[in-house]
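As the structure is a prediction and not an experimental result, all values here were calculated from the model. Labels below follow one simple rule: chain letters A, B, ... track the order of the sequence lines, proteins then strands, and each chain is numbered from 1.
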There are 2 protein chains.
Amino acid sequence: MKKEDILKKLRSSGLRPTKQRVEIAKFLFERDKTFHFTVESLENHLAKKTTCKFALATIYNTVHAFKKAGHLSEVDVRGKKTYFDTNITDHHHFYDNETSELIDIDASEVVIQKIPKAPNGKKIKNVEVFINLKN
Amino acid sequence: MKKEDILKKLRSSGLRPTKQRVEIAKFLFERDKTFHFTVESLENHLAKKTTCKFALATIYNTVHAFKKAGHLSEVDVRGKKTYFDTNITDHHHFYDNETSELIDIDASEVVIQKIPKAPNGKKIKNVEVFINLKN
DNA sequence: TTTTTACTTTAGAATTATTATAAACTAGAA
DNA sequence: TTCTAGTTTATAATAATTCTAAAGTAAAAA
């Protein structure tokens, strides 16, 4: 991903390209594979990869702005911490409770044959399949 | 549900039948339909329904003991609070983000035709389907 | 370019959900 | 009854997250 694309991510999220934000964006979006993280794990990765200092609040703010702009998604995981995902396509997850690790499942890997209709005046927004793993 | 059954729930959870615990057990298990709650919502319901006083810690302890004994299940919902469910059968959920309301879906209402195999040395523990609703 | 303005970062305080603690209380055994 | 182990409770502690206000910086205006 080019520098210009990183700036585009920031601009489209309503964020000025500051040193911290550029580092966060580069870390999150300059990669081939999907990345799952919590704010805490992201902070650790940033501390290792960059020389720049990051206040936790900056990471929270930036991640939330990316999420609001649709550049990140949030994953429902039981537990206290919030998990984010750089994969924003419609997809599903394996979850390994032993390691707290999430693994993406492409939407095409899951076929649902039957599903109930939405109640009363509601519509279905999306369907998430969550496969818990054990050893 | 008879009084003896309430006591059975408590005993099988390793809990002595104190006033508070009996009230909580009666409130949770003397009902026909599934009940979804957070510790906070349960506290509010108990305050209305009973004259007994409840420390938050007592509610947390009791609910966790029930969960550990398999009398309650926990639902993955994005957000800070932990949701519990009196339905302990294998089933799925609708989630209405507007109202933060959960609705049960019986396992028979969902048929999955294709699912990926578990990675490396792992096995599938269970599959949860979560249907988000919109208006 | 300088100045100005509006947005940012940051450290630390505040908040929220939950868990731990320790003293006062109680169910059930002896 | 009396005793003992398990309980309740208020409060403190912890953890994740959000808020705040002062100091810093990007980019528009002059």
Side-chain angles (χ1 to χ4, degrees), chain A residues 3-4 6-27 36-47 50-69 72 74-84 100 102, chain B residues 3-4 6-27 36-47 50-69 72 74-84 100 102:
Chain A
K3 189 172 183 183
E4 186 48 37
I6 292 296
L7 296 182
K8 216 174 274 177
K9 294 270 189 202
L10 288 168
R11 273 192 240 106
S12 61
S13 308
L15 300 176
R16 281 187 188 172
T18 65
K19 196 167 27 142
Q20 285 82 355
R21 287 169 175 171
V22 170
E23 288 299 332
I24 293 173
K26 282 168 67 178
F27 184 77
H36 297 104
F37 63 97
T38 64
V39 167
E40 192 193 11
S41 75
L42 177 55
E43 186 190 28
N44 291 333
H45 281 110
L46 289 170
T50 77
T51 55
C52 188
K53 274 231 163 185
F54 296 88
L56 253 190
T58 300
I59 302 177
Y60 273 100
N61 291 339
T62 306
V63 164
H64 280 131
F66 284 148
K67 194 201 146 191
K68 192 179 283 181
L72 290 174
E74 197 180 326
V75 187
D76 288 325
V77 181
R78 182 155 48 220
K80 289 169 202 165
K81 289 179 200 161
T82 302
Y83 281 75
F84 295 92
S100 298
L102 283 168
Chain B
K3 188 171 180 183
E4 185 48 39
I6 292 296
L7 296 181
K8 216 174 273 175
K9 293 271 190 202
L10 288 168
R11 273 192 240 104
S12 61
S13 307
L15 299 176
R16 281 188 188 172
T18 65
K19 196 166 26 139
Q20 285 83 353
R21 287 168 176 172
V22 170
E23 289 299 333
I24 293 173
K26 281 167 68 180
F27 185 78
H36 297 104
F37 62 97
T38 64
V39 168
E40 194 193 10
S41 75
L42 177 55
E43 186 190 28
N44 292 333
H45 281 112
L46 289 170
T50 78
T51 54
C52 188
K53 273 230 161 186
F54 295 87
L56 254 190
T58 301
I59 302 178
Y60 273 101
N61 289 340
T62 307
V63 164
H64 280 133
F66 284 147
K67 193 201 148 191
K68 194 179 283 182
L72 289 175
E74 198 180 325
V75 187
D76 288 325
V77 181
R78 180 153 52 215
K80 289 171 201 163
K81 290 180 198 159
T82 302
Y83 281 75
F84 295 93
S100 298
L102 283 167

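Between A:Thr38 and the phosphate of D:dA16, there is no side-chain N or O to OP1/OP2 separation shorter than 4.0 Å. For the pair A:Arg21 and D:dA26, the criterion of a side-chain N or O lying under 4.0 Å from OP1 or OP2 is not met. Contact annotation: B:His64 reaches the phosphate of C:dT19 (side-chain N/O to OP1 or OP2, under 4.0 Å). Phosphate contact (OP1/OP2 of C:dA17, side-chain N/O of B:Lys81, threshold under 4.0 Å): present.
Listed here is the closest heavy atom pair of A:Phe66 and A:Lys9: CE2-O, 4.0 Å. Closest of all the heavy-atom pairs between A:Ala65 and A:Ser13 is O-CB, 3.9 Å. Nearest heavy-atom pair across B:Glu23 and B:Thr50 is OE1-CG2, 3.1 Å. A:Leu7 and A:Pro17 get closest at one heavy-atom pair: CD2-CB, 3.6 Å.
Minimum atom distance to the side chain of A:Gln20 is reached by C:dT9, of the listed C:dT9, D:dT9, D:dA26.
C:dA17 atom P lies 18 Å from atom CZ of B:Arg78, rounded to whole Å. Rounding to whole angstrom units, NZ of residue B:Lys19 and P of C:dT26 are separated by 7 Å. For the pair A:Glu43 CD and D:dT18 P, the computed distance is 15 Å after rounding to whole Å. Atom CD1 of A:Ile24 and atom P of C:dT9 are 8 Å apart (whole Å). For the pair B:Glu74 CD and C:dA17 P, the computed distance is 15 Å after rounding to whole Å. Per the geometry, CZ belonging to B:Arg11 stands 13 Å off P belonging to D:dT7, to the nearest Å.
Mapped onto DNA chain D by nearest heavy atom, B:Lys80 and B:Leu15 fall at different nucleotides, with B:Leu15 at the one closer to the 5' end. Looking at which nucleotide of DNA chain C each of B:Val39 and B:Arg16 is closest to, the 5′-most match is held by B:Val39.
Taking the six-membered ring for Trp and the full ring otherwise, the centers of B:His36 and B:Phe84 sit at least 6.0 Å from each other.
Rounding to the nearest 0.5 angstrom, the gap separating the CG atom in B:Asp76 from the OH atom in B:Tyr83 is 12.5 Å. Between atom CD of residue A:Glu74 and atom OG1 of residue A:Thr82 there is a gap of 5.5 Å, rounded to the nearest 0.5 Å.
B:Gly79 comes within 4.0 angstrom of nothing in the nucleic acid, heavy atoms only. Nucleic acid contact for A:Thr82: sugar-phosphate only, since backbone atoms but no base atoms lie under 4.0 Å from a heavy atom of the residue. Contact annotation for B:Glu40: no contact, since no heavy-atom pair falls under 4.0 Å across all strands.
Residues of residues 53-63 of chain A that place a heavy atom closer than 4.0 Å to DNA chain C, in numerical order, are A:Lys53, A:Phe54, A:Ala55, A:Ala57, A:Thr58.
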